[in-house]
4 protein chains.
Amino acid sequence: MASRKMDKYELILEAALKVIAENGFHGSQISKIAKEAGVADGTIYLYFKKKEDILISLFQERLGGLIALFHESVKDSASADEALRTVCNIHLSELENNVNLAYVTQIELRQSNLELRVAIGNVVKPYIQLIEHILEKGVQEQSFRADLDIKLTRLLIFGSLDEVVTSWLISGRKYSLIGQVDKTVEFFLRGLK
Amino acid sequence: MASRKMDKYELILEAALKVIAENGFHGSQISKIAKEAGVADGTIYLYFKKKEDILISLFQERLGGLIALFHESVKDSASADEALRTVCNIHLSELENNVNLAYVTQIELRQSNLELRVAIGNVVKPYIQLIEHILEKGVQEQSFRADLDIKLTRLLIFGSLDEVVTSWLISGRKYSLIGQVDKTVEFFLRGLK
Amino acid sequence: MASRKMDKYELILEAALKVIAENGFHGSQISKIAKEAGVADGTIYLYFKKKEDILISLFQERLGGLIALFHESVKDSASADEALRTVCNIHLSELENNVNLAYVTQIELRQSNLELRVAIGNVVKPYIQLIEHILEKGVQEQSFRADLDIKLTRLLIFGSLDEVVTSWLISGRKYSLIGQVDKTVEFFLRGLK
Amino acid sequence: MASRKMDKYELILEAALKVIAENGFHGSQISKIAKEAGVADGTIYLYFKKKEDILISLFQERLGGLIALFHESVKDSASADEALRTVCNIHLSELENNVNLAYVTQIELRQSNLELRVAIGNVVKPYIQLIEHILEKGVQEQSFRADLDIKLTRLLIFGSLDEVVTSWLISGRKYSLIGQVDKTVEFFLRGLK
DNA sequence: TATGAATGAGCGTTCATTCAT
DNA sequence: AATGAATGAACGCTCATTCAT
């Protein structure tokens, strides 16, 4: 049944997230994920072609959900300024509220080979495009500088946010990530104007 | 003789850099590095305790050299603005001029275990501290905003630069990295003022 | 199925016994044992945690069986004299009839590390205790000397038998081991009375 | 110079004894022995053809010295009884007084391959022959039984003594080895008469 | 669909021995 | 005689993937 299939598919993804968060990327064998999911090793290969596919799907399903959330939230923004603030806010708050996901995506899954990195890049791309659209909108609205290099700036913004999250995780999450939003957005907005 | 010992040590590091750049982190077996260096497998263990130590040394020797270059160059800067520009310039130009090093440090060595990640962090730390000093100097000179959150801002700057380099590599190096310096610095300076 | 699992477990033990007897302890790689057993290298690790565990199990299963045989046989003995004779008889005849086992336990497995030596000691201990019980019984029956040092004497007896077997193997098994029983027992009994 | 050569030869043997006693057979690499002896690794190969030869020489030089001591001591014995007592006495007292040698010969060097075992056998052979001579003398003197199987009995005696020493070592040397002489000799003499 | 026993390729590391100096 | 840097063969163990049931 389709519903049962989805159940088991989700079950395995959820198990993978938990196992990787607890054991790290290199300590997460298929057998461990299978055990956590309550299925046999072989069953996993009915839903995923290779081990890597679990990780790619994990990215797609979980981060893809975030992307949708971004779009949804940005739709209501009156200005590019507000949209950018909303994006930063969601980026940091969602990851602060989902530490396992943050840990796995920022730290563990980066210990992966080129193929997986590329797949991760594909998942992140729509997010970077969203930032791009906001920048374009800001320029059109004459809220942002007309001479802005949009392709470059979107990277500067994404890279900053990414580093802030990673640094927060590595430091042991001793401070609030959401508390960084305002000053981060201010830095961006000044750079954009 | 000390010189010969250094020769072989350097020989192995150079070989490792080349092999990792060509074959990726997971495709770089000790035997392959030894062959490239023209020494026996066992010889590598006269200079490095574990395989990982080659990678750590690679980071320390090569990137550590960059850090020294940063300090040297910044010393002559009249202002914080100029110092920041110098740092960005060196960061991007050195990696553009040393693609193997860029590829290995930005892409391959991040696929490593915790111990190596920690060692990498230790190498990067002085660099982030250098950025921090420049920010402090700028605030003292009243060139930068007094309300700047220095701990946060240094991350924003480092994360931006890091992402710019990685993105350039993944895109296939289709444009000039140094060409991004001016616009990147301008974005930073506006954010800082 | 349980029976199949036992089959493979036994298959590997049997193969190990044969391979060690033919190639010596240090010439018995996992791959050789696996090949002899007709299984893949990895399969061995489904039944044994480490290579050493094969050897320990070999000892426990094969010599442990002998110990049970000793107890069984001794039960019916009317006197301590007879019990001692039975023990010597079984000790020498069983090893003479199972040369591979004799060779592996007397010669090859003694070339092992501390952990294995300890495990071997644990298997041999019940046997030495059996000898001890016979000696105690003999003293109670006033068949053996009352001033016998039982802890010492059990070693003298075990050491003698052990040396007789080893010497027989090293000499190339040019004579009958069972033929030594009567004179050996007589030497012991005179010493005990 | 011959004397210097002997010096270094002895130096290496002494170092080997110490290193094996401290680190066990498998923890005693050539480099460790060389360091302990204060010579270069390569120097060892000027005095010994292979690593094994050090061990064989260790046996020959140290245990060979004991054999000479046995012959010397037995010469003065009035009777076979006394000679046997002397042999047992020396065997146990010398090893009790030289624990390193006892440990290395009884425990560590037995973890060796066939070639070394054979060499060890050759060193032990004169000792077993000495026991044989005493037995023959005893039979001639009509002190021992005329029907004694000398080839067998010498093994029984040697095996007993060997086991007593090994057991004493493994037990942690919690009692006096020399204190076992009288009861051991009594057991032998009763068996011989 | 689901199972889980079986597979077997793959690799870091050690260390006895050599040999140019 | 002495050195010690260099050699390179050798092997236990893991784990992603398969497939008979």
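Chain identifiers are assigned alphabetically (A, B, ...) following the order of the sequence lines, protein sequences preceding nucleic acid strands; residue numbering begins at 1 within each chain.
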- request: Test A:Y47 against A:E10 for side chain to side chain donor-acceptor pair (under 3.5 Å), laying out the working first.
  value: CA-CA 10 Å; A:Y47 297 88; A:E10 277 298 325; over 6 Å; no
Taken to the nearest whole Å, CZ/C:F48 to C1'/E:dA6 is 15 Å
Per-helix bend value, the helix from E:dA2-F:dT21 to E:dT21-F:dA2, C1' rotation axes over five pairs per end, 10° rounding, shows 10°
What N/O pairs connect the protein and nucleotides 18-20 of chain F at under 3.5 Å? Give each pair on its own line.
none

TODO: Answer yes or no: is there a donor N or O on one side and an acceptor on the other, between the side chain of A:T43 and the main chain of A:V39, under 3.5 Å?
DONE: no
TODO: Using a strict cut-off of less than 4.0 Å between a Lys/Arg side-chain nitrogen and an Asp/Glu carboxylate oxygen, indicate whether A:K32 and A:D41 qualify as a salt bridge.
DONE: no
Handout entry: Candidate pair C:E14 and C:K8, rule salt bridge (charged side-chain N to carboxylate O under 4.0 Å, His left out), full reasoning
Key = CA-CA 10 Å; C:E14 207 54 49; C:K8 210 149 273 189; over 6 Å; no
Separation of F:dA1 atom C1' from D:Y9 atom OH, nearest Å, is 18 Å
* **D:R110 (side chain) donor-acceptor with D:T105 (main chain) under 3.5 angstrom** => yes
Checking E:dC15, F:dT7, F:dG4 against the side chain of D:Q29 (C-beta onward), the nearest is E:dC15
Atom CD1 of C:I54 and atom C1' of F:dC11 are separated, to the nearest Å, by 13 Å
note: C:F25, atom CZ; F:dC11, atom P; distance rounded to Å ~ 12 Å
When rounded to whole Å, the CG to C1' distance for the pair A:L11 and E:dT1 reads 15 Å
Which of C:L55, C:L58, C:I12, C:I33 passes side-chain contact (heavy atoms from CB on, under 4.5 Å) with C:L17? It is C:L58
When rounded to whole Å, the NZ to C1' distance for the pair B:K32 and E:dG10 reads 12 Å
query: Do any N or O atoms from the side chain of C:E108 and from the backbone of C:I20 form a donor-acceptor pair under 3.5 angstrom?
result: no
Separation of F:dC11 atom P from C:I33 atom CD1, nearest Å, is 12 Å
Note: for C:V39 and D:S28 on DNA chain E, the residue whose nearest nucleotide lies more 5' is C:V39
From CD1 of A:I44 across to C1' of E:dT1 the rounded distance in Å is 15 Å
Side-chain atoms of D:K50 come closest, of E:dC11, E:dT7, E:dT17, to E:dT17
Regarding the side chain of C:L46, the nearest nucleotide among E:dA5, E:dG12, F:dA6 is E:dA5
Look at all strands and tell whether A:I30 reaches a base, only sugar-phosphate, or nothing, counting heavy atoms closer than 4.0 Å.
base
Looking only at E:dG4, F:dA16, F:dG8, the nucleotide nearest the A:K51 side chain is F:dA16
**Asked** Checking C:E36 side chain against C:A15 main chain: does a donor-acceptor pair fall under 3.5 Å?
**Response** no
What I'd like to find out is whether the side chain of D:I120 reaches to under 4.5 Å of the side chain of D:L63, using heavy atoms alone.
no
request  = Give a yes/no answer on whether the side chain of A:K8 brings an N or O atom under 4.0 Å of OP1 or OP2 in E:dT1.
outcome  = no
Give a yes or no on this: more than 12 heavy atoms of other residues, nucleotides or ligands lie within 6.0 Å of atom NZ of C:K51. yes
Ranking E:dA2, E:dT17, F:dA6 by distance to the side chain of B:Y47, first place goes to F:dA6
